[in-house]
Amino acid sequence: MAIKALKGTKDIFGDEVKNLEKIENIIREVCKNFGVGEIRTPIFELTHLFQRGVGNTTDIVQKEMYSFIDKGENNITLKPESTAAVVRAYLEHNMGENAQPTKLYYLSPTFRYERPEAGRLRQFHQFGVEIFGASSAIADAEVISIAYTMLKRLNINNVSLHINSLGGPQCRAKYNEVLKEYLASKKDLLCPLCNERRIKNPLRVLDCKNPDCQKLFVDAPRTIDSLDKECKDHFELLKDLLTKMDIPYIVDSQIVRGLDYYTKTVFEFILEGKNYSGTVCGGGRYDRLVEEIGSKPVPAVGFGTGIERLLIAYLEENKNLELDKRDIFIGYRGNLALEKAVVLVNNLREKKFNADTDLLGRSVKAQMKYANKIGVKFAAIIGDTELETQMLSIKNMATSEESKVSFVDLEAFLLNN
RNA sequence: GUGGAAAUAGCUCAGUCGGUUAGAGCGCCAGAUUGUGGUCCUGGAGGUCGUGGGUUCGAUCCCCAUUUUCCACCCCA
């Protein structure tokens with residue numbers, strides 16, 4: 001019985017790897033431009049960390065974690081998101097003592113036990129940014145700008161930015177009262193799920209996808225109407241900065257986010273695609289999370305994005321992408337020529353050219369076919385004549401043009417072409 | 001976790017009202033005056049028809065179970 005990859009997991013190879021590499025390169029470049037440094041935290045942490053950090057009432061913690069007891073009887077969980085782990089590392093290494101703010105990004109495998117579908121696997125990859133130690137909306141704007149810049153450089157244009165503000169603890173408490181009252185007045189019309197949430201976590205009710213419920217919410221109280229002056233100013237500054245940076249946004253009171261730790265700003269980039277529609281990137285401010293996990297309060301803001309979803313969006317907008325071409329293929333005919341080809345190719349590789357030769361001892365024709373398939377710019381065959389004259393006849397694969405080049409001038413030729 | 005559809009070659013899929021050697025296109029390998037790719041032509045390799053059981057003289061096809069994938073919910077990135 002053949003062994004196959006587990007449900008919700010997959011092997012990544014071929015063009016997919018090349019595309020992912022491109023995306024990752026753009027991500028790293030954007031982070032560099034914004035002065036954001038990378039952090040790599042372990043793949044697993046104590047389960048307790050996520051229970052505290054993500055929130056015990058969330059679906060992620062309640063039913064989607066890969067948890068197990070290791071041989072030392074520690075309760076371990078494969079990370080279902082990275083923010084809690086980054087916060088743990090921030091506190092553990094006293095990063096708050098360094099020059100502030102602390103700007104970190106991660107690019108990490110992430111695990112959630114869910115029903116897999118397109119753009120959602122059980123092992124997936126997340127890219128995210130966290131900025132610690134900056135309470136001003138300037139940081140919120142910068143975080144959004146990072147995500148926006150990344151999407152733009154990936155040529156993903158069919159997304160829209162939705163922003164909202166949940167306010168601080170006081171505003172949220174106030175809002176919860178108003179909302180509860182409002183929802184109670186509608187309880188006979190709400191679906192069973194909404195009525196359950198109405199008691200436990202009223203904010204989540206607004207997230208209900210039931211169209212009948214949504215109709216009721218048109219005149220529901222909005223979080224932004226319950227903001228105190230500080231939170232309101234914060235939100236106004238954010239909107240102002242986004243406008244000044246030419247980042248278009250929609251204020252959307254339905255954006256409440258699924259994780260408990262958000263305060264003030266929340267946002268999502270929502271994709272309208274053929275193969276996938278939905279949130280491709282989401283985040284916000286979480287001023288109370290660091291205190292929740294550690295002891296001292298540290299303001300923080302960040303976002304997370306699923307690389308697989310990013311890839312779907314990227315492929316929709318970038319149909320005929322040119323994958324990197326190898327520079328030269330050097331084939332051979334005969335044993336002496338074989339040795340010469342291997343040596344030449346090896347020398348070129350040492351000089352950091354991309355060079356390839358035939359490993360199967362095929363006919364000249366087959367070697368040329370191979371050169372064509374792997375997509376080299378140039379191809380040449382070494383035979384008796386070439387060995388005698390020490391000259392190569394290099395063929396430009398795109399134009400069929402041939403150039404005579406001596407063995408010693410090979411590097412110079414490649415540099416100039 | 002709920003509901004629905006699907007699973008046949010490396011890929012995309014046909015097909016058999018249940019019958020002997022299961023097909024196509026693409027891809028792969030090889031030929032077309034034994035030293036040159038891309039188009040065209042010819043040939044070849046490659047499948048225990050997802051897995052296990054049942055019905056049957058006989059199952060890739062019908063039935064049951066199971067696994068996986070996809071879609072819609074739920075939730076999220």
Side-chain angles (χ1 to χ4, degrees), chain A residues 1-10 13-15 54 57-64 79-83 106-128 147 191-194 196-197 201 204 207-211 255-259 267-271 275-283 302-313 329-334 337 358 360 362-387 392-400 402:
Chain A
M1 175 83 150
I3 297 174
K4 293 184 175 175
L6 287 171
K7 177 175 184 163
T9 68
K10 67 183 291 200
F13 57 94
D15 284 355
V54 182
T57 62
T58 60
D59 275 17
I60 292 180
V61 168
Q62 283 187 345
K63 42 190 196 192
E64 295 175 3
K79 53 179 157 181
E81 60 101 47
S82 293
T83 299
Y106 57 85
L107 205 48
S108 164
T110 310
F111 305 83
R112 284 184 207 171
Y113 192 87
E114 290 184 281
R115 189 89 154 236
E117 42 179 275
R120 179 210 285 188
L121 293 172
R122 288 180 171 180
Q123 174 175 345
F124 59 106
H125 298 79
Q126 272 195 327
F127 156 60
C191 71
L193 185 69
C194 281
E196 198 179 306
R197 281 183 179 160
N201 191 353
R204 304 288 296 142
D207 235 8
C208 183
K209 299 295 186 295
N210 186 325
I255 301 289
V256 295
R257 309 288 303 147
L259 289 80
F267 67 90
E268 294 184 9
F269 284 90
I270 299 176
L271 179 77
N275 298 315
Y276 174 76
S277 287
T279 303
V280 74
C281 172
F303 71 83
T305 177
I307 301 288
E308 283 79 0
R309 289 184 181 181
L310 220 47
L311 177 63
I312 294 174
F329 173 88
I330 301 178
Y332 53 84
R333 184 181 138 78
D358 181 56
L360 304 184
R362 285 180 283 207
S363 70
V364 168
K365 190 185 196 83
Q367 293 186 50
M368 287 303 290
K369 266 186 153 172
Y370 175 70
N372 184 55
K373 265 172 223 154
I374 61 175
V376 290
K377 271 164 88 177
F378 300 105
I381 299 289
I382 303 179
D384 294 341
T385 329
E386 287 77 12
L387 286 176
L392 273 177
S393 175
I394 298 181
K395 188 167 189 170
N396 182 321
M397 297 300 274
T399 62
S400 287
E402 302 219 6

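A quick note: this is a predicted structure, and the numbers were derived from the prediction, not measured. Side chains included, hydrogens not; waters and symmetry mates left out as well; all remaining heavy atoms used. Just so we're on the same page: letters track the sequence lines, and every chain starts at 1.
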- prompt: Is any side-chain N or O of A/Lys395 under 3.5 Å from a base N or O of B/G37, one able to act as donor and the other as acceptor?
  reply: yes
- prompt: Of all the choices, B/G50, B/U34, B/C74, which nucleotide is nearest to the side chain of A/Arg333 once you look at every atom?
  reply: B/U34
- request: Rounded to the nearest angstrom, tell me the gap between atom CD in A/Glu268 and atom C1' in B/A77.
  value: 9 Å
message: Considering every strand and a 4.0 Å limit on heavy-atom distances, what is the contact class for A/Gly8: base, sugar-phosphate, or nothing?
response: sugar-phosphate
- prompt: Of A/Arg115 and A/Arg112, whose closest RNA chain B nucleotide lies nearer the 5' terminus?
  reply: A/Arg115
- prompt: On a plain distance test, is the side chain of A/Thr385 in donor-acceptor contact with the base of B/G35 below 3.5 Å?
  reply: yes
statement: In Watson-Crick or G-U wobble terms, with both distances under 3.5 Å, the base opposite B/U56 is none
- prompt: Which part of the nucleic acid, if any, lies within contact of A/Ser400, taking any heavy atom under 4.0 Å across all strands shown: a base, the sugar-phosphate backbone alone, or nothing?
  reply: base
- request: Return the value, rounded to whole Å, for the distance between atom CD of A/Glu114 and atom C1' of B/U68.
  value: 18 Å
task: Could you please name the partner base of B/G46, counting Watson-Crick and G-U wobble pairs only when both distances are under 3.5 Å?
output: none
- prompt: Mind checking who B/U68 pairs with, Watson-Crick or G-U wobble, both distances under 3.5 Å?
  reply: B/A6
message: Only pairs with both distances under 3.5 Å count, Watson-Crick or wobble alike; so what is the partner of B/G18 in this structure?
response: none
field: A/Tyr370 ring over B/G37 six-membered base ring, under 5.5 Å and 30°
entry: no
message: Here's a test of your reading of the structure: between A/Phe124 and A/Ala366, which maps to the more 5' nucleotide of RNA chain B?
response: A/Ala366
message: Rounding to an integer number of Å, can you tell me how far A/Lys7 NZ sits from B/U67 P?
response: 8 Å
statement: Of the listed B/G1, B/U36, B/A77, the closest approach to the A/Val364 side chain comes from B/U36
field: Residue A/Met368, side-chain atoms from C-beta onward, closest of B/G37, B/C74, B/C29
entry: B/G37
message: Considering every strand and a 4.0 Å limit on heavy-atom distances, what is the contact class for A/Gly383: base, sugar-phosphate, or nothing?
response: base
- request: Say whether, by atom type as modelled, one donor and one acceptor occur between the side chain of A/Tyr332 and the main chain of A/Asp358 under 3.5 angstrom.
  value: yes
task: Specify the separation, in whole Å, of atom CG of A/Leu271 and atom P of B/A77.
output: 15 Å
query: In whole Å, what is the span from the CG atom of A/Asn396 to the P atom of B/U36?
result: 19 Å
field: Phosphate contact (B/G37 OP1 or OP2) by A/Lys365 side-chain N/O below 4.0 Å
entry: yes
query: Whole Å only: how far is the CG atom of A/Asp59 from the P atom of B/U2?
result: 15 Å
query: Between A/Lys373 and B/C29, is there a side-chain N or O to OP1/OP2 distance below 4.0 Å?
result: yes
- line: When rounded to whole Å, the CG to C1' distance for the pair A/Asp358 and B/A30 reads 14 Å
Pairwise P distance, B/A77 and B/C64 [rounded to whole Å]: 40 Å
query: Of the nucleotides B/A72, B/G37, B/U36, which has the atom closest to the A/Glu117 side chain?
result: B/A72
- request: Please state the P separation for the pair B/C29 and B/U69 - nearest whole angstrom.
  value: 31 Å
message: Both distances below 3.5 Å, Watson-Crick or wobble geometry, any strand: find the nucleotide opposite B/C41.
response: B/G31
field: Distance-only polar pair, side chains of A/Thr9 and A/Gln123, donor-acceptor under 3.5 Å
entry: no
- prompt: Is there a donor and acceptor pair closer than 3.5 Å between the side chain of A/Glu64 and the base of B/G1?
  reply: no
- prompt: Should B/G23 form a Watson-Crick or G-U wobble pair with both distances under 3.5 Å, which nucleotide is its partner?
  reply: B/C13
field: For B/A77, the Watson-Crick or wobble counterpart (both distances under 3.5 Å)
entry: none
message: Rounding to an integer number of angstrom, what distance separates B/C26 and B/C62 when you compare their P atoms?
response: 30 Å
B/U8 to B/U68 separation - C1' atoms, rounded to the nearest Å: 15 Å
message: From CZ of A/Arg362 over to P of B/U36, roughly how many Å is that when rounded to an integer?
response: 16 Å
